[in-house]
Amino acid sequence: MRKNVTKKLAVATLAFSLAVSAAGVTSEQASAAKADNTPAEPTFSNATVHDPSIIKTGNTFYVFGSHISAAKSPDLMHWSNFANGYTTPGNTLYGDLSKTLAGSFKWAGENDSDSKGGFAVWAPDVIWNSKYVNKDGSKGAYTLYYSTSSTYIRSAIGMAVSQKIEGPYEYTDTFIYTGFTKDKAFDANSQVDKKWTNTNIKTLIDQKKISAENPAWFNENGSYANQQYPNAIDPTIFQDAKGKMWMTYGSWSGGIFVLEVDQKTGKPIYPGKDGKTKDGRMIDRYFGTKIAGGYGKSGEGPYIQYNKDTGYFYLYMTYGGLAANGGYNMRVFRSKSADGPYVDARGHQATWPADTSNDEYGNKLIGNFLFDSKVGDPGKEQDYGYVSPGHNSVYTDPKTGQLFLVFHTRFPGRGEEHELRIHQMFINKEGWPVVSPYRYAGEQEAKVSDKMITGDYQFVDHGSDSSPTIKKASYIRLNEDHTITGELQGTWKKKGTNDAELTINGKRYTGVFVKDWDPMSKQYVMTFTALSDQATMGWGSRLPDAPDKQVIEDVYGELELSGTSGITANLELPTIGSRGTTISWTSSNEQIIAANGQVTRPESGSTAVPVTLTARIAHGSETRTKTFDVTVMPYVNAELTARYSFDQNLNDSTGQHGAGELTGDRLDRPATVGSITYGTGVHGQSAVLDGTTGIRLPNGLIHSNSYSVSMWVKPEQLSVYSPAFFGAADSDHWISLLPRGTDSDNTMLWAGSTPWYDASTGMKIPAGEWSHLAFTVDQGTVTVYVNGKATFTGSGFPDRFSAADNASFGLGVNYWDAPFKGELDELQVFEGGLTPAQLAELSSK
């Protein structure tokens, strides 16, 4: 299966080779590298391009992405942005953007419905079409396929052309429409009549390119049947072995479709009539052949590439939500035919059935992961990981056969910030792509030996889920006798030049060994990337060799506890150090600090208590102890700064703040309908919110990083994102107390968006009943309480208000989501953290 790779590797006799000229290094660095046979340290220049699609022309790589972003590079490592976003006129890619794409904007995109106040030009794909016939009769043009969208289903796909890769591009046509209705209809904040006759379908019928409108496109009420039919976004173009051109597109809703393309016009060839594939999949007269997805399950960004060496078409797509907490992750299927059927390594077809989770469909390439530096590891404080990586394209070097995965990703703790990333891929002996653990740094496959492989590794299995959970690394050792020990057990072997076969905790993995640049240790290290028999990606990254005694010394030197002179919250005591080193703790006063770090503070009015903590560090036959003297501070009663009891008014009974006021369905909208009413609360009366309004509280209600909020909540209905309490310094720095949160629908305190923080209670309060919710934030330590019981405690909670002089606060509303519907009572705000005695009193009915 990998005979071409073997041939290319036959000339490689070194353990590792690197194209230094591709690494962007100086001539002096290159000379030094040549002298000692050590590759020079690579450099990178990052770019921000969402949903990147790659093309190479001449000696330059280009990526084009959503929101009119684009970048270029000479080597896949040094990128520079060159597009200017939604600027119009004077747009880098489109000239006068509004006029150029007016044909598509007429249906969806510009300042319409969900894109009100902005634009929605998404996920373009640029190719050089040598057979395209220009207006003057000449042949050849860069053709740019793009999508515009106004809602989750009302979208359109169009094409623009240019003789220059960087544009400007000239509009040609809009040829796929979705979200249309049977009769006249309008979306909110839109004047676009969605009736199907306002698309190109009527013209196609008149031209006899399709037979007639399809009654199945519509639900019984005349709306668009989006569970079966696509959302017209994310178009990409590919060719088969005979040079025939195809377009794949689609998204959540009815799935991913494929159409043949007329190369002379660049436009799709519509089937004209409905049908079924041999394996029973839909062929629609207008939309084409369904190849993946459907039934409202996540799946978008399709990209297909034919691999002449394996004889397969590979369909890449992305599951989950694109935000940092959305669990975005890439999948791959393959087929012997351009129009499917596409299957994964377990034989699961990409067109999953209704009422089915798609987590088990598709080989997972990359999801949320973290190679986290343990105490004593090289590169301490330099963790490496991705959050919500996805919407990829693929590039194959026609000369070397090297295969590259091109995608955008977010990062742990960096909110919605995202960057372009390129990772090399390899085809394993079973014909499946596996992805290098680290970004491309000029590395090439080369012959490796067992001696080079043996050693300590960090290991991550990406799993098969689409959740926001970050998969963290485990410690394993690949031993000389081909066993695997450590936190996980198994066996390994190297076959041929660099083929990898591993069995780890019962999973069988097949892939390659290859040296990569590790940004944590800042050196080239042996890695492996391999696909498991459960269609999950497994990555290993080798740690530098070190004897047991050195490991102990490294852990001892780096083991520290911060804030020891004034402990006020539970301690996070590390129990695992570098290479599986065990760290066990004992305490001189278990009643104050337990061995697991749980702190029981003295009561208010007591004195501080000194405690000695002792860490026993053990690795192999070596041990060492390290002691820490800490002081646990007594509780200090939090000071009440505001109290809203809702007894026929919205006044603050402490007199320190003004009254609340009725607001609209968003915190920044005035109330135009509805009014505040009062019901029977836990103590006196309650504020009743009907789901269309909220309460705006006085600005500056909280102005520190040590505060507490307590309130009674009785939801009439539980809606995701609808807040009970909300506070924001601005639209990127906020907190939200959610009766029904984003973590498995559990009640939670949520902070966003730079950075995100999920403080989930692990439970969901009931509708129709009163529950007491409270949370304290004390210099980054957050604790969330439900009915007086602590259900979450964590560190690193972001400071939202100490630097904000005029932060906004509200009850039942935020800037984006549906308002809370239900009753609220006894909102109390405190300076400082609530004591157990105060919480007991506040949560008592």
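Side-chain atoms are counted along with the backbone in the values below, which use heavy atoms only and exclude waters and symmetry mates.
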Qualifying side-chain hydrogen bond (donor to acceptor under 3.5 Å, both in side chains) pairs, either residue in residues 404-413, two or more places apart: His50-His408, His50-Arg410, Arg410-Glu416
Determine the minimum heavy-atom distance between Gln489 and Gly486, stating which atoms define it. NE2-O, 2.6 Å
Which atom pairs, one a donor and one an acceptor, fall under 3.5 Å between side chains of residues 562-570 and the rest of the protein, sequence neighbours left out?
unit_1	atom_1	unit_2	atom_2	d
Asn570	OD1	Val599	N	2.8

Those residues at least two apart in sequence (or on a different chain) that pass salt bridge (Lys or Arg N to Asp or Glu O under 4.0 Å) with Asp778 are none
Sub-3.5 Å donor-acceptor pair from the side chain of Asn325 to the main-chain atoms of Ala323, do we have one? no
Donor-acceptor pair, Asp344 side chain versus Gly362 backbone, under 3.5 Å? yes
Test Leu405 against Ile366 for side chain to side chain contact (heavy atoms under 4.5 Å, CB included), laying out the working first. CA-CA 10 Å; Leu405 187 72; Ile366 308 180; 4.0 Å; yes
Okay, side chain of Arg624, backbone of Ala615: is any donor-acceptor separation there less than 3.5 Å? no
Tell me the ring pair (Phe, Tyr, Trp, His ring centres under 6.0 Å) pairs involving residues 485-510, sequence neighbours left out? Phe459-Tyr509, His482-Trp492
Ignoring hydrogens and angles, tell me if any N or O in the side chain of Gln550 forms a donor-acceptor pair with the backbone of Pro547 under 3.5 Å. no
Kindly determine whether Ser541 and Tyr438 satisfy side chain to side chain donor-acceptor pair (under 3.5 Å), including the steps that lead there. CA-CA 9 Å; Ser541 177; Tyr438 295 108; 2.6 Å; yes
With sequence neighbours left out, write down each residue that passes ring-ring contact (aromatic ring centres under 6.0 Å, His included) with His462, or none if nothing qualifies. Phe369, Trp539
Which label fits Tyr440 and Phe404: parallel for a plane angle under 30°, tilted from 30 to 60°, or perpendicular past 60°? perpendicular
Look only at the side chain of Thr761 and the backbone of Thr747, and say whether a donor-acceptor pair between them is shorter than 3.5 Å. yes
Step by step, would you call Tyr386 with Tyr384 a ring-ring contact (aromatic ring centres under 6.0 Å, His included)? CA-CA 7 Å; Tyr386 293 161; Tyr384 164 75; 5.6 Å; yes
Any residue meeting ring-ring contact (aromatic ring centres under 6.0 Å, His included) with Tyr319, in chain and number order, not counting sequence neighbours: Trp352
Distance only, no hydrogens: is a donor on one side chain within 3.5 Å (strictly under) of an acceptor on the other, for Ser578 and Asp554? no
Nearest heavy-atom approach of Asp516 to Pro437 is OD2-CD, 3.4 Å
State whether Glu419 and Arg439 are salt-bridged, where the test is any N-O pair (Lys NZ or Arg NE/NH1/NH2 against Asp/Glu carboxylate O) under 4.0 Å. no
Angle class for the Tyr757/Phe792 ring planes (parallel below 30°, perpendicular above 60°, tilted otherwise)? perpendicular
Here the gap from Asp450 atom CG to Lys493 atom NZ, rounded to the nearest 0.5 Å, amounts to 11.5 Å
Do Asn428 and Thr510 have side-chain atoms, one donor and one acceptor, less than 3.5 Å apart? no
SB check Lys626 Glu560 (cutoff 4.0 Å): yes
Under the rule for salt bridge (Lys or Arg N to Asp or Glu O under 4.0 Å), what residues qualify as partners of Asp359, not counting sequence neighbours? none
Regarding Glu622 and Lys549, does a basic nitrogen lie under 4.0 Å from an acidic carboxylate oxygen? no
Are Ser464 and Glu360 linked by a side-chain donor-acceptor pair shorter than 3.5 Å? yes
Keeping Arg740 on the side-chain end and Asp745 on the backbone end, is there a donor-acceptor pair under 3.5 Å? no
Could you tell me which non-hydrogen atom of Ile484 sits nearest to which non-hydrogen atom of Thr503, and how far apart they are? CD1-O, 4.0 Å
Here the pair of heavy atoms bringing Arg616 nearest to Ala618 is NH1-CB, 3.7 Å
Residues 793-802, side-chain donor-acceptor partners within the protein, below 3.5 Å, at least two apart:
unit_1	atom_1	unit_2	atom_2	d
Ser795	OG	Glu572	OE2	2.8
Asp799	OD1	Phe801	N	3.3
Asp799	OD1	Ser802	N	3.2
Asp799	OD1	Ser802	OG	3.1
Asp799	OD2	Ser802	OG	2.3
Arg800	NE	Trp734	O	3.2
Arg800	NE	Gly752	O	3.4
Arg800	NH2	Gly752	O	3.1
Arg800	NH2	Pro755	O	3.0

Audit row: Met537, Val434, side chain to side chain contact (heavy atoms under 4.5 Å, CB included) steps and yes/no: CA-CA 7 Å; Met537 191 64 60; Val434 293; 4.0 Å; yes
Which residues pass the side chain to side chain donor-acceptor pair (under 3.5 Å) test with Ser606, sequence neighbours left out? none
How long is the straight-line distance from CD1 of Ile765 back to CG of Leu738, given to the nearest 0.5 Å? 10.0 Å
Side chain to side chain contact (heavy atoms under 4.5 Å, CB included) assessment of Leu773 paired with Val709: CA-CA 8 Å; Leu773 301 181; Val709 175; over 6 Å; no
My understanding is that only residues two or more places apart in sequence, or in another chain, count here; which of them pass side chain to side chain donor-acceptor pair (under 3.5 Å) with His619? Asp548, Thr581
Can the positive tip of Lys515 be found less than 6.0 Å from the middle of the six-membered ring of Tyr524, inside 45° of the ring normal? no
Show, in sequence, the C-alpha distance, side-chain angles and deciding distance for Asp465 and Lys471, and conclude whether the side chain to side chain contact (heavy atoms under 4.5 Å, CB included) test is met. CA-CA 10 Å; Asp465 60 311; Lys471 306 297 188 300; 2.7 Å; yes
Check for a donor-acceptor pair, side chain of Thr529 on one end and backbone N or O of Val435 on the other, with a separation under 3.5 Å. yes
Answer yes if the side chains of Ser843 and Asn787 hold a donor-acceptor pair under 3.5 Å, and no otherwise. no
Within the side chain of Glu443, is there an N or O that forms a donor-acceptor pair under 3.5 Å with the backbone of Val514? no
Those residues at least two apart in sequence (or on a different chain) that pass side chain to side chain donor-acceptor pair (under 3.5 Å) with Glu487 are none
Is the backbone N or O of Pro574 less than 3.5 Å from a side-chain atom of Trp585, with the two atoms forming a donor-acceptor pair by type? yes
Non-neighbouring partners of Phe513 that pass ring-ring contact (aromatic ring centres under 6.0 Å, His included), sequence neighbours left out: none
Examine distances only and state if a side-chain atom of Ser588 and a backbone atom of Thr612 form a donor-acceptor pair shorter than 3.5 Å. yes
Can you see which heavy atom on Pro544 is nearest to which on Gln523, and at what distance? CG-NE2, 3.5 Å
Under a 3.5 Å threshold, yes or no: a donor from one side chain and an acceptor from the other, between Tyr475 and Asp456? yes
Give the ring-plane orientation class for Tyr457 versus Phe528, where under 30° counts as parallel, over 60° as perpendicular and anything between as tilted. tilted
Rounded to the nearest 0.5 Å, what separation is found between the CG atom of Leu478 and the CD1 atom of Ile504? 7.0 Å
